[in-house]
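See below for the structure under consideration.
Small disclaimer: the values here were computed from a predicted structure and weren't measured.
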Amino acid sequence: QVQLVESGGGLVQAGGTLRLSCVSSGRTFSSRAMGWFRQAPGKEREFVTSISWSGGTTRYADSVKGRFAISRDNTKNTVYLQMNSLQPEDSAVYYCAAARGLLTTTNDKEYDYWGQGTQVTVSS
């Protein structure tokens, strides 16, 4: 069983930065790709970014490319999401997820475990 706990969300002004963290329990963290998704009120959950098991490959949604960066530390069972140049449209609940496989994926059905989410609010 894997448990994921996110932290680092909050309220920030447009143009600001936040860094989200997600700590994983269990022994399979380093053998899973990890991802971040987000869901804004009234909208479907959407893919944000994913990182392979080794950290060697990353994938981003076009809407965050160049502004967000995902990374991981397998010694700490932690994945990070650095968010720069935040905009009001980035406001959402951000979820960390652990994939079934080793490689990056944008498909939420390929993720087995999900965190409880952390709220990010960007004011204009």
Side-chain angles (χ1 to χ4, degrees):
Q1 188 74 7
V2 173
Q3 290 187 327
L4 303 173
V5 179
E6 304 101 332
S7 62
L11 173 64
V12 63
Q13 289 187 333
T17 66
L18 281 175
R19 189 192 196 204
L20 306 184
S21 298
C22 172
V23 179
S24 172
S25 68
R27 300 182 178 181
T28 63
F29 179 81
S30 61
S31 62
R32 296 178 182 268
M34 298 294 294
W36 288 95
F37 289 75
R38 67 186 182 186
Q39 187 168 21
K43 294 187 177 181
E44 293 187 354
R45 183 170 60 192
E46 65 174 354
F47 169 79
V48 176
T49 180
S50 179
I51 188 167
S52 64
W53 68 279
S54 65
T57 303
T58 57
R59 190 183 300 190
Y60 296 92
D62 288 343
S63 58
V64 307
K65 205 171 291 183
R67 300 187 298 122
F68 290 12
I70 189 171
S71 61
R72 67 189 295 162
D73 185 340
N74 287 347
T75 67
K76 297 181 179 179
N77 280 13
T78 302
V79 61
Y80 305 97
L81 180 61
Q82 178 68 42
M83 304 187 293
N84 301 325
S85 302
L86 282 161
Q87 299 302 315
E89 52 267 34
D90 295 316
S91 297
V93 177
Y94 282 71
Y95 297 91
C96 170
R100 198 167 304 134
L102 297 168
L103 304 180
T104 62
T105 176
T106 64
N107 186 348
D108 61 357
K109 293 180 174 58
E110 295 183 15
Y111 289 82
D112 286 339
Y113 300 99
W114 295 81
Q116 83 287 351
T118 186
Q119 177 71 48
V120 171
T121 303
V122 184
S123 63
S124 57

When rounded to the nearest 0.5 angstrom, what is the spacing between [atom1] in [X] and [atom2] in [Y]?
| X | Y | atom1 | atom2 | result |
| --- | --- | --- | --- | --- |
| Thr17 | Arg67 | OG1 | CZ | 12.0 Å |
| Arg72 | Ile70 | CZ | CD1 | 8.0 Å |
| Arg45 | Tyr94 | CZ | OH | 14.5 Å |
| Met34 | Ser52 | CE | OG | 12.0 Å |
| Phe68 | Leu20 | CZ | CG | 8.5 Å |
| Phe37 | Thr106 | CZ | OG1 | 7.0 Å |

Among all residues two or more places apart in sequence or in another chain, which pass the ring pair (Phe, Tyr, Trp, His ring centres under 6.0 Å) test with Phe29?
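So Phe29 forms no ring pair (Phe, Tyr, Trp, His ring centres under 6.0 Å) with any residue.
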Distance-minimising heavy-atom pair for [X] and [Y]:
| X | Y | answer |
| --- | --- | --- |
| Leu102 | Ser31 | CD2-O, 3.1 Å |
| Trp36 | Glu6 | CZ3-CG, 3.9 Å |
| Leu18 | Gly8 | CD2-O, 3.7 Å |
| Ser123 | Pro88 | C-CG, 4.5 Å |

Apply salt bridge (charged side-chain N to carboxylate O under 4.0 Å, His left out) to Asp73 and list each qualifying residue two or more places apart in sequence or on a separate chain.
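Once residues adjacent in sequence are excluded, Asp73 has no partner under the salt bridge (charged side-chain N to carboxylate O under 4.0 Å, His left out) criterion.
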Kindly write out the residues that satisfy salt bridge (charged side-chain N to carboxylate O under 4.0 Å, His left out) with Glu89, not counting sequence neighbours, or none if the list is empty.
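Once residues adjacent in sequence are excluded, Glu89 has no partner under the salt bridge (charged side-chain N to carboxylate O under 4.0 Å, His left out) criterion.
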Taking [X] for the side chain and [Y] for the main chain, is one N or O donor matched with an acceptor at less than 3.5 Å?
| X | Y | value |
| --- | --- | --- |
| Gln87 | Ser85 | yes |
| Thr49 | Arg59 | yes |
| Arg32 | Ala97 | no |
| Asn77 | Gly26 | yes |
| Gln3 | Ser25 | no |
| Asp90 | Ser63 | no |

Show, in sequence, the C-alpha distance, side-chain angles and deciding distance for Arg38 and Val64, and conclude whether the side-chain contact (heavy atoms from CB on, under 4.5 Å) test is met.
CA-CA 12 Å; Arg38 67 186 182 186; Val64 307; 4.0 Å; yes
Any link between Trp114 and Phe47 through a network of hydrophobic side chains (Ile, Leu, Val, Met, Phe, Trp, Tyr) touching at under 4.5 Å?
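Yes, Trp114 and Phe47 fall within the same hydrophobic cluster.
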Linked, directly or transitively: Val48 and Tyr60 (ILVMFWY side chains, under 4.5 Å)
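Looking at the clustering, Tyr60 is in the same group as Val48.
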Do [X] and [Y] come within less than 4.5 Å of each other through their side chains, counting heavy atoms only?
| X | Y | value |
| --- | --- | --- |
| Val122 | Met83 | no |
| Tyr95 | Leu4 | no |
| Thr28 | Val2 | yes |

Is it the case that over 12 heavy atoms from other parts of the model lie below 6.0 angstrom from the NZ atom of Lys65?
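Enclosed.
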Around Gln116, counting heavy atoms of other residues, nucleotides and ligands shown, do more than 12 lie under 6.0 Å from its CD?
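Buried by this count: over 12 neighbours within 6.0 Å.
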Can you see whether Ser50 engages Tyr111 through a side-chain donor-acceptor pair at a distance of less than 3.5 angstrom?
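Side chains of Ser50 and Tyr111: pair found under 3.5 Å.
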